[in-house]
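Have a look at the structure below before the remarks.
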Amino acid sequence: MASYTWGCAYVGMNFEDQQGYLTISFAIMAENPDYFMLYIDSTDRGLHGANIYFIPESRNLAYYDESGWHYLCPFSVGTWYNIKMTIDIPSNTYDIYVDGAIEAQGAHFRYFGQTTHLNRINFGGGSWETSIGFIDDISIFKEERKSPITTVTTLTG
């Protein structure tokens with residue numbers, strides 16, 4: 001799925017309220033990374049949730065929380081990355097994996113400590129009319145920490 005922007009553009013999907021543990025995985029490539037990002041949040045709380053950004057100035061992946069930016073591994077424009085985020089909604093934390101390597105562990109949600117459920121995924125960014133990136137193979141898995149994955153929602157673009 002491609003995202004094009006005039007101003008800021010976002011492509012998203014709402015899903016059933018989740019209150020436990022989620023794993024989100026997707027393939028992503030920045031073409032013109034003007035703060036190209038992904039958010040997992042709630043429709044009633046806005047940006048309270050997990051996030052990952054392509055930061056254009058530093059050419060690093062990053063996440064943002066109440067204490068500011070946290071820079072992760074570098075990225076290259078035009079390169080596909082496989083991202084996985086394991087999300088612990090009750091503790092408002094998540095882990096970020098890039099191409100199978102852990103890049104952040106116990107990252108705090110933006111507006112940490114205020115989110116009781118998640119029900120929306122958004123991709124977007126940009127500030128001018130140009131292609132900013134591509135997303136593919138999106139999967140959202142509900143987890144039970146003591147048992148295998150029980151619910152699967154898959155989007156393919």
Do any pairs count as a salt bridge (charged side-chain N to carboxylate O under 4.0 Å, His left out) and have a residue in residues 108-122, sequence neighbours left out, and if so which ones? D41-R120
Counting C-beta onward and ignoring hydrogens, is there a side-chain heavy-atom pair between M13 and I140 closer than 4.5 Å? yes
Compare every heavy atom of W69 with every heavy atom of A62, then report the nearest pair and how far apart it is. CB-CE3, 3.9 Å
Got a sec, which residues hit side-chain contact (heavy atoms from CB on, under 4.5 Å) with Q105, two or more places apart in sequence or on another chain? D95, I102
Do I121 and F26 come close enough that some side-chain heavy atom pair is under 4.5 Å? no
N51 side chain vs Y64 backbone, donor-acceptor pair below 3.5 Å: yes
Membership question, hydrophobic clusters at under 4.5 Å side-chain separation (ILVMFWY): are F123 and F15 in the same one? yes
State the CD-CZ distance between Q18 and F141, to the nearest 0.5 angstrom. 13.0 Å
To the nearest 0.5 Å, tell me how far L38 CG sits from F54 CZ. 10.0 Å
Taking every heavy atom of D65 against every heavy atom of H70, the minimum-distance pair comes out as OD1-NE2, 2.9 Å
Is any side-chain heavy atom of V98 closer than 4.5 Å to a side-chain heavy atom of L72? no
Would you check if the side chain of E103 reaches a backbone N or O of A101 as a donor-acceptor pair within less than 3.5 Å? no
Nearest atoms (heavy-atom pairs only) where P74 meets N60: N-ND2, 3.5 Å
State plainly whether one hydrophobic cluster holds both M37 and Y111, where clusters connect Ile, Leu, Val, Met, Phe, Trp and Tyr through side-chain heavy atoms under 4.5 angstrom apart. yes
Checking side-chain hydrogen bond (donor to acceptor under 3.5 Å, both in side chains) against N119, which of D17, D44, N14 comes through? D17
Show every donor-acceptor pair shorter than 3.5 Å between a side-chain atom in residues 75-85 and any protein atom, with sequence neighbours excluded, or say none if there are none.
residue: Y81; atom: OH; partner: S76; partner atom: N; Å: 2.7

In Å and rounded to the nearest 0.5 Å, what is the CD1 to CG distance from I40 to L118? 7.5 Å
Which heavy-atom pair separates E31 from F134 by the least distance, and what is that distance? OE2-CE1, 3.1 Å
Is there side-chain contact between Y94 and I24, with heavy atoms separated by less than 4.5 Å? no
Write down the atom of A50, the atom of I87, and the distance for their closest heavy-atom approach. CB-CD1, 4.1 Å
Excluding sequence neighbours, so at least two apart, what forms side-chain contact (heavy atoms from CB on, under 4.5 Å) with P90? Y21, D88
Run the side-chain contact (heavy atoms from CB on, under 4.5 Å) test against N92 and tell me which residues pass, sequence neighbours left out. F109, F112, T115
Residues passing the side-chain contact (heavy atoms from CB on, under 4.5 Å) test with Q19, sequence neighbours excluded, are H117
Any link between I135 and Y97 through a network of hydrophobic side chains (Ile, Leu, Val, Met, Phe, Trp, Tyr) touching at under 4.5 Å? no
If we only count heavy atoms from C-beta on, is the Y39 to Y53 side-chain gap below 4.5 Å? yes
